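Working notes, structure below.
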Amino acid sequence: MDEKCNGFVSVCIYISSYLSNSVSRSVSDSFVQIFSAGIGINYGQIANNLPSPPRVAILLGSLNITRVKLYDTDPNVLLAFSNSNVDFIVGLGNDNLEDMSDLIKAQAWVEQHVQPHLPQTKITCILVGNEVFASNDTQLRSSLLPAMQSVYRVLVNLGLDKQVIVTTAHSLTILGNSYPPSAGTFREDLVQYLQPLINFHSQIKSPFLINAYPYFAYKDDPSQVPLEYVLFQPNQGMTDPSTNLHYDNMLYAQIDAVYSAIKAMGHTDIEVIVSETGWPSKGDADEAGATVENAELYHANLLQRIAQKEGTPAKPSTPIDIYVFALFNENLKPGPASERNYGLYYPDGTPVYNIGLQGNLAGTPLSAPLSASNKTAFSVFNFLMLFLISCFNLRICQREGRRGIS
């Protein structure tokens, strides 16, 4: 092959490499921009193979993630994120709720677990308990509001109440009715706990947090729940007969059902935040829909909605506020296989699927696996380039052959 041919092939290879890298960068940049828009991430640690907190701080910094939710007050994590721009929700576990009704014990907890990290680490919220009403423990249920009130009083006494808010998170099992969304109500057996709790939220102007998983609805009844409806894919959706509002995805319907339930309690001044939502990339044989492809679709489509600053049909001017679950797969979580496969990342820092997750773990670039659509695009492009090279080679050979005959 002569110099002209070599030059042509080199240009083809360069263009192919450049375009491939450009697409990869654009996907990654889009993801970073979405997280910059304010989405949060749940950082669970029920595992024995996760990267150290300082390495996680590097990873989240490279992705420009600025909101993180913990389930405890791990000092190693809070120290690793000191002097960063990350806002933290920290957790006070259910096993501490009964003690927190004692103001002295609540103050000791705040002074030991929260105050030492301020202001260098931006702790902006204390989550007092998690999914308390999913338990049948009446003592635990009764302890929740007094614990929240005590922690709030301590923050006031320490002059931290304007910096750190107090709330708790609920599973959607607190709803007695969720369809249609405008008819959302809380379970009758929980009203005695939720009415004063919601009054307290209104009083201190703190948000109402829910853990919402459309995946559960699909898994429990895949023959009746359209997969497209839970994955934000094109579908006919549903129209609320009372409000005539149209819903093209289940998550928005769930959020609005909670807003309706709160309104039925006499309040319209409380914001609903999704403290957890996600989709598992793997599950047991009886866990319908738990696949890498569905997890990729759920998160990619959700992130697009967030980037557009969408509100729900009932709250169109209030952009949805969401914390994705979760940062890593956690290998020690009990329960079905899906519980250990909600992560966006494997513990070694490799993205589980491609929604633009190209970050850095301890300074090393991490490349996301190509999605099916990107694989197709690259394959077609590379085929065309090889075809052009082959045609060029054939033309060179024919020309050289004619020269030999003459």
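Computed from a predicted model, the values in this text were never measured in an experiment.
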Examine distances only and state if a side-chain atom of W279 and a backbone atom of L231 form a donor-acceptor pair shorter than 3.5 Å.
-> no
Hey, could you give me the OG1/CG distance between T239 and L245, rounded to the nearest 0.5 Å?
-> 8.5 Å
Y213 vs Y342 aromatic rings, parallel, tilted or perpendicular, using cut-offs 30° and 60°?
-> perpendicular
Ignoring hydrogens and angles, state whether a donor on the side chain of N211 or S275 is under 3.5 Å from an acceptor on the partner side chain.
-> yes
Tell me, which pairs form a side-chain hydrogen bond (donor to acceptor under 3.5 Å, both in side chains) where one or both residues lie in residues 77-86, sequence neighbours left out?
-> none
Is it true that a side-chain atom of D248 and a backbone atom of G237 form a donor plus acceptor pair closer than 3.5 Å?
-> no
Reported CG-to-CD distance for the pair L118 and Q163, which is rounded to 0.5 angstrom | 5.0 Å
NZ of K282: more than 12 outside heavy atoms within 6.0 angstrom?
-> no
Are any side-chain N or O atoms of H113 and backbone N or O atoms of P75, one a donor and one an acceptor, separated by less than 3.5 Å?
-> no
Would you say N94's side chain and N130's backbone share a donor-acceptor pair under 3.5 angstrom?
-> yes
Interatomic spacing from CD1 in I262 to CD1 in I198 - rounded to 0.5 Å = 5.5 Å
Over all atoms of both residues, closest heavy-atom pair of H299 and G278 | NE2-CA, 3.6 Å
Report all side-chain donor-acceptor pairs from residues 264-271 shorter than 3.5 Å, counting only partners two or more places apart or in another chain.
unit_1	atom_1	unit_2	atom_2	d
H267	ND1	S202	OG	3.4
H267	NE2	N199	OD1	2.8
D269	OD2	S202	OG	2.7

Which atoms form the tightest heavy-atom contact between P207 and T167, and what is the distance?
-> O-OG1, 2.7 Å
Strictly by modelled atom types, are Y247 and D256 linked by a side-chain donor-acceptor pair under 3.5 Å?
-> yes
Just checking, R305 and Y252: is the charged tip under 6.0 Å from the six-membered ring centre and within 45° of the axis?
-> yes
Would you call Q195 and Y193 a side-chain contact if the rule is heavy atoms closer than 4.5 Å?
-> no
Do Q120 side-chain atoms and P116 backbone N/O form a donor-acceptor pair below 3.5 Å?
-> yes
Looking only at heavy atoms, what is the nearest atom pair of M100 and A147, with distance?
-> CB-CB, 3.6 Å
Please find out if less than 6.0 Å separates the ring center of H117 from that of F88.
-> no
What are the two closest heavy atoms between Y323 and I41, and how far apart are they?
-> CD2-N, 3.7 Å
Between Y298 and F232, how do the two ring planes meet: parallel, tilted or perpendicular, split at 30° and 60°?
-> tilted
Looking just at side-chain N and O atoms, do Q233 and N301 make a donor-acceptor pair shorter than 3.5 Å?
-> yes
Between the CG atom in N136 and the CG atom in D189, the distance rounded to the nearest 0.5 Å is 8.5 Å
So which heavy atom on D284 is nearest to which on E287, and how close?
-> N-OE1, 2.7 Å
Pairwise side-chain contact, V154 with L103, heavy-atom cut-off 4.5 Å (strictly under) = yes
Passes side chain to side chain contact (heavy atoms under 4.5 Å, CB included), L155 versus I126? Steps please.
-> CA-CA 10 Å; L155 293 175; I126 298 174; 4.3 Å; yes
Within-4.5 Å side-chain heavy-atom neighbours: P53 and Y43 | yes
Output all residues satisfying side chain to side chain donor-acceptor pair (under 3.5 Å) with N177, sequence neighbours left out; order by chain, then residue number.
-> none
Parallel, tilted or perpendicular for Y152 and F200, by the 30°/60° rule?
-> perpendicular
Could you grab the distance from atom CG of D74 to atom CZ of F81, nearest 0.5 Å is fine?
-> 10.5 Å
Closest non-hydrogen atom pair, V86 against I65 | CG2-O, 3.6 Å
Within the distance-only criterion (no hydrogens, no angle test), does the side chain of S101 pair as donor or acceptor with the backbone N or O of E98 below 3.5 angstrom?
-> yes
Thinking salt bridges, do D87 and R67 make one under a 4.0 Å N-O criterion?
-> no
Straight-line distance of L297 CG to T291 OG1, nearest 0.5 Å | 8.0 Å
For the pair S178 (side chain) and Q254 (backbone), establish whether a donor and an acceptor sit closer than 3.5 Å, ignoring hydrogens and angles.
-> no
Aromatic rings F208 and F186: how do their planes relate, parallel, tilted or perpendicular, breaks at 30° and 60°?
-> tilted
More than 12 non-hydrogen atoms from neighbouring residues, nucleotides or ligands closer than 6.0 Å to CG on N48, yes or no?
-> yes
